[in-house]
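All remarks here apply to the structure that follows.
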Amino acid sequence: MNTILNDYADEVQAILARYPQDQKRSAVMPLIHLVQARDGYVTKQAMTEIAEIVGISVTDVASVVGFYTLYHEEKGGRYHLQVCTDLPCALRGADEFLAKLCENIGIKVGETTPDGVITIEEVTCLAGCHHAPMFQVQGDGAITYHENQSVDSALEIIAELRRKAAAQEAE
Amino acid sequence: MSKMVTLSIDGRSVTVPENTLVVDAAKMNGIDIPVFCYHPKMKPVGMCRMCLVEIGRPMIDRATNQPVLEDNGSPKIQFSPKLETSCTTPVSEGMVVLTRNDKVEAARKEIIEFILTSHPLDCPICDKGGECPLQNLTMRFGSKEGRFLFDEKMHLAKHVPLGELIWLDRERCIQCARCVRFQHDVVDDPVLDFHNRGRSLEIMTFSEPGFGSYFSGNTTDICPVGALTTADFRFGARPWEMKPAASLCAQCPVGCNLEYTVRREAKSGGATVIKRALPRQNESVNEIWICDKGRFGYHYTQDPARLGQPLVRRDGELVPVTFEEALKIIAEKAAHQPFQILAGGKLSTEDLAALRGLAQESGGKAWLHTYMSGGFTPHYGLSADANLGALGQGDAVLVAASDLHEEAPIWWLRVKQAAERGAALIVMNPRPTRLKKYARHVIRYAYGEESLAVAAMAEENLALAGEEIRAAAETLKSARNLVIFYGSEGLGLTGSKGLEQALADLLERGGFTGRENSGLIGVWHAPNLQAGFELGLPPAEGLADLPAGGVLYLAAADPAGDDPRQAAYFSGREFVIVQDLFLTESAKLADVVLPVLAYTEREGTFVSGERRLQRYYPALAARPGLKADFALTALIAKSLGYELEGRAASLALEKLAASQPAFEGLNYLKLAEVHEQWPQVGGSDLYYGGTSYANRQGLGKHLSRAAKPEPDAAPLREGIRDVPKNALRLVPHTRLYDAGSTFAPSRLLDQRRARRQLRIHPRSAEPLGLQQGSQALIELEGAPFTAEIVLDETIPGGTALYPRSLGVPMNAPFHAVVKPVFDKSAS
């Protein structure tokens, strides 16, 4: 059974409708976003289902998932905090910022906090070079940008994310 | 004829067709530009940068739009500030290419250094060592030392199985994407791809089974490093220890040209053995590719179960004797008896001719063991300079009753490519096959109605035909050439004969007979059935067709193994001789069993389904005491006082050429002729096409057109006899990885081997209580068998598909009651 078609029949049709009939493979990225919003990451099962919907091989779907840092193949934290450390950002202290931030919350790059809320990742260009240090938070199916950051401001955002997660857990 | 362009490469003026890439233009004129990612069979991507050259173009005055001239009147050349990739740059008029100056050499040195940043220096234990472009180019252009830090080399997994056939060494991979592009663009099995990016880029597969493609082995040929290796050969031998021998693949009728590389080794007790099979270039047959069945299928030739000594029946038991004794017994028992011979399609042309000769001399008859009919192909088949590779816009290809991807993968590839070049592909089959994707017309018919569907297309009156048939008939009207492949899906011998004649009629009515690239191709189940049909041997599905009495002589045919009920036909014979590689079920019933040489230990010829007569050479020395089939048949003939050519295969073919018009003028020397082929592969060049061998031993020759056969008046549809109540119609189909005696010994493919499964539509299965994955009992009279049920919505209702050569004792459609095998504990 195709769980994506099952859970998101209308959404899938709306996504497919954006592309020509013979170019269904164009729908692969929005579909990955759709399933990642549901599961938090992209399982092999989901890749197989997407491959079936757009008519390409599961290997090709996996290749797209593997190429983009916005897609996750492993279950990480609820929120992925992605810090850009490319050259222009590094010149504005992004690497130092990342190291200190990690030190403060006690995990290494790529790891998830014990409460399962935050995963810290190092990514390439987010197109915010002039406002570095900067990062984006990916989670709950949305992405938010946070520019001109300091370790303190970042810790505040993390605290806010933890409150949000706790509030949602409580519901 | 495309426009020609003149340019200068390293000071030489060369003229090539427009749109030629600079790297190819150079190679065509004997100049090697080193490459890694570029491959002449695939579109360029410019990923590796190894092919950088300096390119200049005539300067144009923007104001006047006229070429700027030097003082001496020659056009002024403006060189690009940077080097350009010669694999992505097409030639242009007046271009000046420099491939050997200091700037280019410095760039090559840097690219090599860059590629080697994390490449392991494990050449001494690498399978590619000795035939590796990276190794060769490093020796030629690389610097002695790298400036990158040795301690910072990436260390990655070195033994990654991409499935059980192909292994990946991630450290060695230089990310050229040749394998990825081959799988996507050439064979359309997109099961390899890149994962991640930058330094973390790696090859992966998510298919089930891993790297699920019938063409996977080719990626190990075109891999420019030792990253991809086959499980069959890896760590097997070093390239320089092995000797190559030209051969042919004996797994199907395509006739792919092969090179076996052999080595004498302690591991095999001092014997010389085949270590691997590699493609040998023949652009008219297999280009530079082979399928995995051909690559891994040779193991039967050196299987320990092969017979080494003749056996004769004494007191009911088969006991070993010498050849002299065996021949003496045959001379005693078979004297003055007619020989009824059943010959298999795995025999060489010379073997079949010898068997036919013995039958004629003794007053008997030789039959071809097959469930396919092909008597019309000598006249309606391909001839002269036919080449599937030349089919394109304006031509048509019809594939009827065949799943080419399963039956002959290289033909599938050639037909796919013809369709991509613009040929109109018509696919006729009762269920969808992989060719459907490339087809212009898809015609569905019910199993058993194949010749009716073809006849409908051939008839002028199309009013009664379906829309698709009418559209296909319309396409055929304007086609320049028509090549027809016909297979055996859903057909036994009778149905096959009907289909063959209907297709011949289609060619005839369309005026295609005699056109240079048109004709009928049988997708046979054996490599050399075509030769049998050329020799006029009548087909026989089993022994029921052979007259009783006399001597029964089976060569490379095992009717009792195919169907145990055939054993009954052995009892009424005076004397039974079986000649085979193995102690087959039929051999166990014989009076005399004669072992023979495998085709890899002797020379001979096969006629491909395209009617190309091709030579194979001995890869290994003849096993002591054993003889080739034709020589053995000649010895038998001699002991009975008949004269046959048994001295050499070349003499046997010459004798045949003198009496059989289609073979006229052909001999072993002609078959060994070669000409230059494009692209150039297999040399020690830097323009690297892969480990595929250059063809130095012969491209083969087409047979000439034979006389027109008489159509059969007999009923040509598969007869439906004694249909039991509630019976299903069971129809045969062919799976590539079967359990036939010449493929089963390749144990490597066991996991992918097809199983004895009955494919059936869920709606047909439900009322019978058959469930997915359950075992069913098929009540075939005299030979009941079980099979696993696979529910498949593409199978027409009321029918079920069973695979051939997987233990079902039938090769033709039949009706039978199918019911679940109930678990005893449940009742």
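None of these values were measured; they are calculated from a predicted model. To find a chain, count down the sequence lines: A is the first, B the second, and so on, and within it residues start at 1.
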Is the shortest side-chain N to carboxylate O distance from A:Lys100 to A:Glu103 below 4.0 Å?
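A:Glu103 and A:Lys100: not salt-bridged.
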Begin from the C-alpha positions of A:Asp115 and A:Thr113 and carry the test side chain to side chain donor-acceptor pair (under 3.5 Å) through to its verdict.
CA-CA 5 Å; A:Asp115 59 3; A:Thr113 53; 2.5 Å; yes
Write out all chain A-chain B donor-acceptor pairs shorter than 3.5 Å, or none if the list is empty.
residue, atom, partner, partner atom, Å
A:Ser57, OG, B:Pro190, O, 2.5
A:Thr59, OG1, B:Val191, O, 3.3
A:Thr59, OG1, B:Phe206, N, 3.0
A:Asp60, OD1, B:His184, NE2, 2.7
A:Asp60, OD2, B:His184, NE2, 3.3
A:Ser63, OG, B:Asp193, OD1, 3.2
A:Ser63, OG, B:Phe194, O, 2.5
A:Gly66, O, B:Asn196, N, 3.2
A:Phe67, O, B:Arg197, NE, 2.8
A:Phe67, O, B:Arg197, NH2, 3.3
A:Glu73, OE1, B:His195, NE2, 2.6
A:Glu73, OE2, B:His195, NE2, 3.2

Identify the heavy atoms of [X] and [Y] that sit nearest to each other, and give their distance.
X        : Y        : value
A:Ala132 : A:Asn148 : O-OD1, 4.3 Å
B:Phe215 : B:Pro409 : CZ-O, 3.4 Å
A:Ile120 : A:Cys102 : CG2-SG, 4.1 Å

Non-hydrogen atoms of chain A under 4.5 Å away: do they reach the side chain of B:Leu201, the backbone, both or neither?
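Contact with chain A: none, neither part.
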According to the ring pair (Phe, Tyr, Trp, His ring centres under 6.0 Å) rule, which pairs have a member within residues 93-112 of chain A, sequence neighbours left out?
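Every pair satisfying ring pair (Phe, Tyr, Trp, His ring centres under 6.0 Å) with a residue in residues 93-112 of chain A: there are none.
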